[in-house]
Amino acid sequence: QVQVVESGGGLVQPGGSLRLSCAVSGSIFSINIMGWYRQAPGKQRELVAKITGGGSRTYADSVKGRFTISRDYAKNTVYLQMDGLKPEDTAVYYCNAGVRPITSDRYLEVWGRGTLVTVSS
């Protein structure tokens, strides 16, 4: 069993900041990629940022220079620091991870339930 718990969403004014957290727990052997996706109303889910086991980071063009992804490998936790938020950042943000359970030799993709970020004045 693997659990994915996100936190940190909420309402913020344009130009403000929020920090999302996502902790992955359970019977885990290892985690490779961890990342954040988002889905705005009426739109498809899109990648926001991801970080590999080796620390390589990828960002969507729309968030480069404003968002920062980081990871605590010991705690199996990934963070998304969001600065300079814009109304178009409003969406449900989902945590995603590639997890190898201790009972398997394969990596499985797991998702959180999502946390709502609303940017509005």
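This one's a predicted model, so the numbers in the text were calculated from it and none came from an experiment.
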- [ ] State yes or no: do Tyr37 and Val99 share one hydrophobic cluster built from I, L, V, M, F, W and Y residues joined by side-chain heavy-atom distances below 4.5 Å, directly or via other members?
- [x] no
Task: ILVMFWY cluster, Val2 and Val78 together (side-chain gap under 4.5 Å) - done: yes
Task: Atom pair CG/CE of Asp72 and Met34 - distance to nearest 0.5 Å - done: 9.5 Å
Task: Full working for side chain to side chain contact (heavy atoms under 4.5 Å, CB included) between Met82 and Val117 - done: CA-CA 10 Å; Met82 305 185 292; Val117 172; 3.9 Å; yes
Task: Any donor-acceptor pair under 3.5 Å from Arg100 side chain to Asn32 backbone - done: no
Task: Closest approach of Tyr79 to Ser21 (non-hydrogen atoms, all atoms of both residues) - done: CD2-OG, 3.3 Å
Open item on the list: By the definition side chain to side chain contact (heavy atoms under 4.5 Å, CB included), identify the one residue from Leu11, Val12, Leu85 that meets it with Thr118.
Closed with: Leu11
Task: Joint hydrophobic cluster, Tyr73 plus Val4, side-chain heavy atoms closer than 4.5 Å - done: yes
Task: Side-chain donor or acceptor of Glu6 paired with backbone N/O of Gly114 under 3.5 Å - done: yes
Open item on the list: Measuring from atom CD1 of Ile51 to atom CD1 of Ile33, what distance do you get when rounded to the nearest 0.5 angstrom?
Closed with: 10.5 Å
TODO: Verify the neighbour count for atom CD of Glu88: are there more than 12 heavy atoms of other residues, nucleotides or ligands below 6.0 Å?
DONE: yes
Task: Criterion side chain to side chain contact (heavy atoms under 4.5 Å, CB included) on Arg38 and Val63, from CA distance to verdict - done: CA-CA 12 Å; Arg38 68 185 180 186; Val63 307; 4.0 Å; yes
- [ ] Take Cys95 and Trp36 through the side chain to side chain contact (heavy atoms under 4.5 Å, CB included) test and state the conclusion after the steps.
- [x] CA-CA 5 Å; Cys95 178; Trp36 292 93; 4.0 Å; yes
Open item on the list: Looking at every non-hydrogen atom in both residues, tell me the closest pair between Ala91 and Leu116 and how far apart they are.
Closed with: O-CD1, 3.6 Å
- [ ] Calculate, to the nearest 0.5 Å, the distance between atoms CG and OG1 belonging to Leu20 and Thr115 respectively.
- [x] 6.0 Å
Open item on the list: Show the nearest heavy-atom pair for residues Pro14 and Ser121, with the distance to one decimal.
Closed with: CD-N, 3.7 Å
- [ ] List the atom of Ser17, the atom of Gln81, and the distance in Å for their closest heavy-atom pair.
- [x] CB-NE2, 4.0 Å
- [ ] Can you measure from CG (Asn96) to SG (Cys22) and round to the nearest 0.5 angstrom?
- [x] 9.0 Å
Open item on the list: Tell me whether Phe29 at atom CZ has more than 12 heavy atoms from other residues, nucleotides or ligands lying less than 6.0 Å away.
Closed with: no
Task: Tyr59 reachable from Leu18 in the ILVMFWY side-chain graph, under 4.5 Å edges - done: yes
TODO: Taking Tyr107 for its side chain and Ser30 for its backbone only, find out whether a donor-acceptor pair lies under 3.5 Å.
DONE: no
Task: Arg57 side chain vs Ile69 backbone, donor-acceptor pair below 3.5 Å - done: yes
Open item on the list: Within the structure provided, determine whether Leu108 and Pro101 are in side-chain contact (heavy-atom separation under 4.5 Å).
Closed with: yes
Task: Interatomic distance, Arg71 atom CZ to Lys50 atom NZ [nearest 0.5 angstrom] - done: 12.5 Å
- [ ] Give me the ring orientation class for Phe67 and Tyr93: parallel if the planes are under 30° apart, tilted from 30 to 60°, perpendicular past 60°.
- [x] tilted
Open item on the list: Under 4.0 Å between a side-chain nitrogen and a carboxylate oxygen: does that hold for Lys64 and Asp61?
Closed with: yes
